[in-house]
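These numbers come from the heavy atoms of this one structure, side chains and all, not from hydrogens, waters or symmetry mates. No experiment lies behind these values; they were computed from the predicted model shown. Ligands are counted one by one from 1 in listed order, and the atoms in each one are counted from 1 as well.
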Amino acid sequence: MERTFIMVKPDGVQRNIVGDVVTRFEKKGFQLVGAKLMNVSEDLAKEHYKEHKEKPFFGELVDFITSSPVFAMVWEGENAVTVARKMLGKTNPAEAEVGTIRGDYGLQVAKNVVHGSDSNESATREISLFFNESELVNYTKLINDWVYE
Ligand code: DAT
Ligand code: MG
């Protein structure tokens, strides 16, 4: 089983999209491992987005993600990273397919509602940036017998 880091960004929290994002991941069959509403510090924002350090939009990105609370989550399941990225849709909501989270809820790239890890390495890094081990919960859901062979 894989784990991925999913975050409803400030625009999604302010626009009351948290519940829908959680519902989509639950209904898909993924299992919630951890979740919290939190403010992102400037240090955390810069570390999380460090791959974009040289991009012209880096400052705007850090300002945005620190501007208002985010809802951070860890979801577990088969191929969680790849499947979650499909559920999010393309980075630019204007290009994202209808039916994806970004395709259904966004119009501009800078306000694209959600973040999702882009690889297993990113997932491991991002989960440990945002969560302590004690905040990640291991438990069995009997419903998984109806999700997996
Ligand atoms: P993703 O979030 O799909 O992994 P990314 O890692 O390329 O996309 O970029 C991180 C975030 O930066 C993205 O969710 C929104 C913002 N962003 C990307 N390209 C941008 C651009 N051209 N102008 C403004 N913000 C941008
Ligand atoms: Mg990315």
Side-chain angles (χ1 to χ4, degrees), residues 1-138 147-148:
M1 287 295 157
E2 281 181 20
R3 285 180 176 185
T4 190
F5 175 68
I6 303 294
M7 169 170 61
V8 181
K9 298 186 188 183
D11 53 335
V13 174
Q14 290 286 346
R15 294 174 58 208
N16 298 327
I17 296 169
V18 170
D20 183 69
V21 173
V22 171
T23 297
R24 286 175 186 236
F25 277 84
E26 282 185 317
K27 289 189 172 172
K28 184 68 177 168
F30 290 126
Q31 180 167 331
L32 190 61
V33 173
K36 59 183 172 184
L37 183 72
M38 61 182 283
N39 285 304
V40 178
S41 69
E42 195 176 322
D43 283 352
L44 176 57
K46 286 179 172 163
E47 182 61 29
H48 174 64
Y49 281 127
K50 70 179 181 192
E51 66 173 300
H52 300 300
K53 205 167 64 226
E54 310 302 333
K55 307 262 172 70
F57 57 84
F58 183 69
E60 182 193 353
L61 192 53
V62 170
D63 286 349
F64 173 59
I65 209 72
T66 58
S67 65
S68 183
V70 302
F71 193 71
M73 294 165 278
V74 178
W75 288 94
E76 185 175 272
E78 198 165 86
N79 299 315
V81 170
T82 306
V83 174
R85 290 283 291 193
K86 282 193 188 155
M87 291 167 67
L88 264 52
K90 286 190 185 152
T91 302
N92 186 345
E95 292 165 10
E97 299 289 338
V98 169
T100 64
I101 296 167
R102 287 163 170 172
D104 286 350
Y105 293 126
L107 286 169
Q108 293 187 346
V109 69
K111 298 220 167 70
N112 63 0
V113 185
V114 275
H115 167 86
S117 308
D118 63 6
S119 66
N120 282 298
E121 296 68 44
S122 301
T124 302
R125 190 180 84 86
E126 292 168 359
I127 290 167
S128 64
L129 271 179
F130 281 81
F131 288 91
N132 296 316
E133 197 54 46
S134 64
E135 294 173 309
L136 303 177
V137 184
N138 292 303
V147 176
Y148 300 108

Engineer: For atom 15 (C) of ligand 1, what's the nearest protein heavy-atom neighbour? Residue, atom name and distance, please.
Structural biologist: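 Result for atom 15 (C) of ligand 1: Val109 O, 3.4 Å.
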Engineer: Measure the acute angle between the ring planes of His115 and His48, then classify it against the limits of 30° and 60° as parallel, tilted or perpendicular.
Structural biologist: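 Because their plane-to-plane angle is over 60°, the rings of His115 and His48 count as perpendicular.
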Engineer: In terms of residue, atom name and distance, what is the protein heavy atom nearest to atom 21 (C) of ligand 1?
Structural biologist: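 Protein heavy atom at minimum distance: Phe57 CD2, 3.5 Å.
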Engineer: Using the salt bridge (charged side-chain N to carboxylate O under 4.0 Å, His left out) rule, take Lys55 and Glu60 through it: C-alpha gap first, then chi angles, then the decisive distance, then the call.
Structural biologist: CA-CA 10 Å; Lys55 307 262 172 70; Glu60 182 193 353; over 6 Å; no
Engineer: Please check this pair: side chain of Ser117 against backbone of Val81, looking for a donor-acceptor N/O pair closer than 3.5 Å.
Structural biologist: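 Pair absent, no side-chain N/O of Ser117 close to backbone of Val81.
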Engineer: Below 4.0 Å from any atom of ligand 1, is there a heavy atom belonging to Lys9?
Structural biologist: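 The answer is yes, since Lys9 has a heavy atom less than 4.0 Å from ligand 1.
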Engineer: Would you check the N or O atoms of Asn112, main chain and side chain alike, for any that come under 3.5 Å of an N or O of ligand 1?
Structural biologist: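 There is such a contact, yes.
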Engineer: Counting non-hydrogen protein atoms only, what is the nearest one to atom 16 (C) of ligand 1? Give residue, atom name and distance.
Structural biologist: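 Answer, as residue, atom name and distance: Leu61 CD1, 3.7 Å.
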Engineer: Can you tell me which residue and heavy atom of the protein come closest to atom 9 (O) of ligand 1, and the distance to 0.1 Å?
Structural biologist: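 Atom 9 (O) of ligand 1 sits closest to the protein heavy atom His52 NE2, 3.4 Å.
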Engineer: Can you find an N or O of Thr91 that's nearer than 3.5 Å to an N or O of ligand 1?
Structural biologist: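 Between Thr91 and ligand 1 (N or O atoms, distance only) the closest approach is under 3.5 Å.
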Engineer: How about NZ on Lys86, more than 12 heavy atoms from neighbouring residues, nucleotides or ligands closer than 6.0 Å, or not?
Structural biologist: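 Atom NZ in Lys86 is not packed in, count stays at 12 or less.
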Engineer: Side chain or backbone of Gln108 under 4.0 Å from ligand 1, or both, or neither, by non-hydrogen atoms?
Structural biologist: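 Near ligand 1, Gln108 shows nothing, with every heavy atom at 4.0 Å or more.
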Engineer: Considering only heavy atoms, does His48 approach ligand 1 within less than 4.0 Å through its side chain, its backbone, both, or neither?
Structural biologist: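 None of His48 does.
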Engineer: If you measure from each non-hydrogen atom of Arg85 to ligand 1, which part falls under 4.0 Å: side chain, backbone, both or neither?
Structural biologist: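 Side chain only.
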Engineer: Would you call Arg102 and Thr91 a side-chain contact if the rule is heavy atoms closer than 4.5 Å?
Structural biologist: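 Yes, side chains in contact.
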Engineer: Any atoms of ligand 1 less than 4.0 Å from a non-hydrogen atom of Arg102? List them with their elements.
Structural biologist: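 Under 4.0 Å from Arg102, ligand 1 has these atoms: 1 (P), 2 (O), 3 (O), 14 (O).
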Engineer: Is there a side-chain contact between Phe64 and Pro10 (heavy atoms, below 4.5 Å)?
Structural biologist: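 Yes, close enough: below the 4.5 Å cut-off.
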Engineer: Restricting to pairs with a member in residues 72-85, which pass side-chain hydrogen bond (donor to acceptor under 3.5 Å, both in side chains), not counting sequence neighbours?
Structural biologist: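 Checked against side-chain hydrogen bond (donor to acceptor under 3.5 Å, both in side chains) - neighbours excluded - the pairs reaching residues 72-85 are Arg3-Glu76.
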Engineer: Taking atom CD of Glu97 as the centre, report whether more than 12 heavy atoms of other residues, nucleotides or ligands fall under 6.0 Å from it.
Structural biologist: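 Not more than 12 within 6.0 Å, no.
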